[in-house]
**Q** 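Following this message is one structure expressed as C-alpha cells.
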Amino acid sequence: STYNNLVIGEIKSSVKNLQIVASYVNVSLGFDAAYKGNLEATGRYSGFSGPSSIRKVRDESNSKSYQGTIGGGGSNEVSVNTQYGKLAIK
C-alpha cells in the first residue's frame with residue numbers, strides 16, 4: 001500500500017513545542033543545527049530511524065516507544081505518535 005509523506009526539512013530552534021499525530025503517514029523530521037530539545041515518540045506498526053541519542057525505551061509486540069535528545073537536549077519538546085508509517089529523524 002502507498003503511504004502519504006510528511007516531510008519537515010528543518011525545524012528551527014525557536015520551535016518550543018511540536019506535537020505530531022499521524023496515521024498511514026511516513027514522517028521525516030529534520031532539525032536546525034542550533035536546535036536543542038527532547039523527543040518522545042510512540043509508534044504502532046511503525047518503523048523508526050534516527051540518531052543514537054534517541055533510544056528505544058519500550059518494545060511490546062507491535063508498539064514501540066523512543067526517547068532522547070536532539071542537539072544535546074534542552075527545553076524544547078517534540079512529541080510524535082504514529083500508526084502504520086515510518087518515523088525518520090534526520
Side-chain angles (χ1 to χ4, degrees):
S1 66
T2 301
Y3 289 85
N4 292 304
N5 293 304
L6 170 63
V7 178
I8 302 176
E10 186 176 69
I11 297 169
K12 300 290 186 186
S13 60
S14 59
V15 175
K16 301 298 180 197
N17 188 340
L18 176 63
Q19 295 180 342
I20 296 173
V21 178
S23 295
Y24 297 95
V25 177
N26 294 322
V27 178
S28 177
L29 304 177
F31 291 87
D32 179 281
Y35 189 92
K36 296 189 182 313
N38 302 301
L39 180 130
E40 289 190 11
T42 302
R44 286 187 36 137
Y45 301 98
S46 301
F48 175 83
S49 64
S52 61
S53 63
I54 300 170
R55 64 195 181 288
K56 188 185 307 179
V57 294
R58 184 174 59 100
D59 188 348
E60 297 176 6
S61 186
N62 297 311
S63 181
K64 296 173 178 46
S65 295
Y66 302 86
Q67 290 179 339
T69 60
I70 300 161
S75 61
N76 298 342
E77 298 287 334
V78 177
S79 172
V80 183
N81 186 325
T82 62
Q83 294 186 62
Y84 300 98
K86 296 176 186 169
L87 171 60
I89 305 298
K90 309 285 183 180

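Note that the numbering runs from 1 along the sequence shown for the chain. The figures here come from the full heavy-atom set of this structure, side chains too, leaving out hydrogens, waters and symmetry mates.
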**Q** Work out which heavy atom in N76 is nearest to a heavy atom in S13; give both atom names and the distance.
**A**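 Nearest pair, atom of N76 first, then S13: ND2-O, 3.1 Å.
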
**Q** How about S28 and K90: do any of their side-chain heavy atoms sit closer than 4.5 Å?
**A**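 Heavy-atom side-chain distance check passes, below 4.5 Å.
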
**Q** Between S63 and R58, which heavy-atom pair has the shortest distance, and what is it?
**A**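 So the two residues come closest at OG-NH2, 3.2 Å.
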
**Q** Nearest 0.5 Å, please: how far is CZ in R44 from CD in E60?
**A**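 Nearest 0.5 Å value for the CD-CZ distance: 11.0 Å.
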
**Q** Among residues at least two apart in sequence or on other chains, which ones pass salt bridge (charged side-chain N to carboxylate O under 4.0 Å, His left out) with K56?
**A**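 Listed in chain order: D59.
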
**Q** Supply the atom-to-atom distance S65 OG to N81 CG, rounded to the nearest 0.5 angstrom.
**A**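 The OG atom of S65 sits 8.5 Å away from the CG atom of N81.
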
**Q** Can you check whether Y35 reaches V78 side chain to side chain, under 4.5 Å on heavy atoms?
**A**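 Contact flag for Y35/V78 side chains = yes.
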
**Q** With sequence neighbours excluded, what pairs up with Y84 under the side chain to side chain donor-acceptor pair (under 3.5 Å) test?
**A**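 For Y84, no residue satisfies side chain to side chain donor-acceptor pair (under 3.5 Å) once neighbours in sequence are set aside.
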
**Q** Give the minimum heavy-atom separation between E77 and N38, together with the two atoms involved.
**A**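 E77 and N38 have their closest heavy atoms at OE2-ND2, 3.3 Å.
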
**Q** Which pair of heavy atoms, one from V57 and one from Q67, lies closest together, and at what distance?
**A**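 Closest approach of V57 to Q67: CG1-OE1, 3.9 Å.
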
**Q** Side chains of F48 and I54: does their closest heavy-atom pair fall under 4.5 Å?
**A**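 Contact flag for F48/I54 side chains = yes.
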
**Q** Report the residue from L18, I89, L29, T42 that forms a side-chain contact (heavy atoms from CB on, under 4.5 Å) with V80.
**A**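 That would be L29; it is the only one of L18, I89, L29, T42 passing the side-chain contact (heavy atoms from CB on, under 4.5 Å) with V80.
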
**Q** With a 3.5 Å distance limit and no angle check, can you tell me whether S53 reaches the backbone of T69 through a side-chain donor-acceptor pair?
**A**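 Such a contact is found between S53 side chain and T69 backbone.
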
**Q** Is there a continuous path of hydrophobic side-chain contacts, each under 4.5 Å between heavy atoms, that joins I8 to L39?
**A**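 Linked within one cluster.
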
**Q** Tell me whether Y24 is reachable from Y45 by hopping between hydrophobic residues (I, L, V, M, F, W, Y) whose side-chain heavy atoms are closer than 4.5 Å.
**A**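 Yes.
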
**Q** Between K36 and G71 (side chain of the first, backbone of the second, donor and acceptor by atom type, cut-off under 3.5 Å), is there such a pair?
**A**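 Checking the backbone N and O of G71 against the side chain of K36, a donor-acceptor pair under 3.5 Å is found.
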
**Q** Just by modelled atom types, is the V25 backbone N or O under 3.5 Å from a matching donor or acceptor in the N4 side chain?
**A**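 Flag not set: sc N4 to bb V25 has no pair under 3.5 Å.
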
